[in-house]
Amino acid sequence: MDKHKGNLFILSAPSGAGKSTLYKALLSQDSQVRISISHTTRAARTGEEHGREYYFTDVEDFLDMIAEDAFFEHAQVFDNYYGTSKASIFTMLEDGLDVILEIDWQGARQVRQLYPDAMGIFILPPSLASLEERLRGRGTDADDVIQRRMSKAVNEMSHYDEYDFVIVNDDFDTALSQLQSIFTAMRSKTTVMKEKNTILINDLLSL
Ligand code: GDP
Ligand code: ADP
Ligand code: 5GP
């Protein structure tokens, strides 16, 4: 896969750990970051909009996209399909923007294979009790959905050590500043600076 100017980040967490709240806060403060909008076959929640949180599609269209090789990665999570289309990320990376994939651990594994430079960040809740409290407090999921998400949470969290960074989302502002630091640091990586500052580096080394 070609080297792009922007960095690719994978953000994973058990449902309810706070990853959407965190990335939305990051996006509002950092104009160089974009979120990839996934396709999903799950129903839209109240307040969610087609083309903003997700592209909501039916199973037939999703399977057509798989057949057309339109996905960078896709996975089945909680009985629904979720996938990142190639179109949704490569233009932004070519434009030098940092792109966040909010995907599960299965998708993360596929992305690491395809794009080894991707940086993985895993968000942990401060406890199982607060995870359940946040899922309930969000008010978007029915009781049986919350129970299923809780029982999947331990499985999702058991993959935390496949990621480059781990953030415990206890105090929100602390977690947000840790997330911001990771994005800032990645922009100073030598491989990234080499791509972005070719003229300066050639100039400095030309004497
Ligand atoms: P949330 O966990 O409450 O944010 O619920 P969502 O319905 O937004 O996400 C459900 C699961 O699907 C999570 O584990 C996400 O990480 C995962 N997910 C979302 N988008 C993608 C995607 O494009 N690819 C993959 N592989 N997983 C995704
Ligand atoms: P996810 O996207 O991981 O499923 P959300 O971002 O939807 O999780 O967060 C779940 C709920 O927890 C939301 O109601 C959110 O406002 C709340 N929340 C997020 N971070 C914190 C935090 N540090 N302390 C308390 N509540 C939080
Ligand atoms: P929710 O249904 O609560 O929006 O998301 C459930 C899970 O699906 C989350 O853990 C989320 O990260 C994951 N998910 C969302 N979009 C994608 C995607 O495009 N690909 C994969 N693999 N997982 C996704």
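In each ligand, atom 1 is the first atom listed, and ligand 1 is the first ligand listed. Small disclaimer: the values here were computed from a predicted structure and weren't measured.
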Exercise for the section: Could you check whether the rings of Phe90 and Tyr115 sit parallel, tilted or perpendicular, using 30° and 60° as the cut-offs? Expected result: tilted

Handout entry: For atom 7 (O) of ligand 2, the option (of Arg138, Lys24, Arg149) bearing the nearest heavy atom
Key = Arg138

Problem - Asp30 side-chain N/O to Gln32 backbone N/O, donor-acceptor pair under 3.5 Å - result: yes

Practice task
Considering the heavy atoms of Asn169, write down every atom of ligand 2 situated less than 4.0 Å from one of them.
Solution key: 19 (C), 20 (N), 21 (C), 22 (C), 23 (N)

Practice task
Ignoring hydrogens and angles, state whether a donor on the side chain of Arg138 or Thr140 is under 3.5 Å from an acceptor on the partner side chain.
Solution key: yes

Exercise for the section: Could you work out the complete set of other residues in the hydrophobic cluster of Ile66, with links drawn between I, L, V, M, F, W and Y side chains under 4.5 Å apart? Expected result: Val59, Phe62, Leu63, Met65, Phe71, Tyr81

Handout entry: Check: Asp171 N/O within less than 3.5 Å of ligand 2 N/O
Key = no

Handout entry: Rounded distance (nearest 0.5 Å) linking atom OH of Tyr54 with atom CD of Glu48
Key = 7.0 Å

Problem - Closest candidate by heavy atom, reference atom 19 (C) of ligand 2, pool Pro126, Gly137, Gly18, Ser15 - result: Gly18

Practice task
Answer yes or no for Ala175: is there a heavy-atom contact with ligand 2 below 4.0 Å?
Solution key: no

Exercise for the section: Say whether Gly16 and ligand 2 are in contact under the criterion: heavy-atom distance to a ligand atom below 4.0 Å. Expected result: yes

Problem - Side chain, backbone, both or neither: Ser20 near ligand 2, heavy atoms under 4.0 Å - result: both

Problem - Numbered atoms of ligand 2 (with element) below 4.0 Å of Asp170, judged on heavy atoms - result: 22 (C), 23 (N), 24 (N)

Handout entry: Residues which pass side chain to side chain donor-acceptor pair (under 3.5 Å) with Asn202, listed by chain and number, not counting sequence neighbours
Key = none

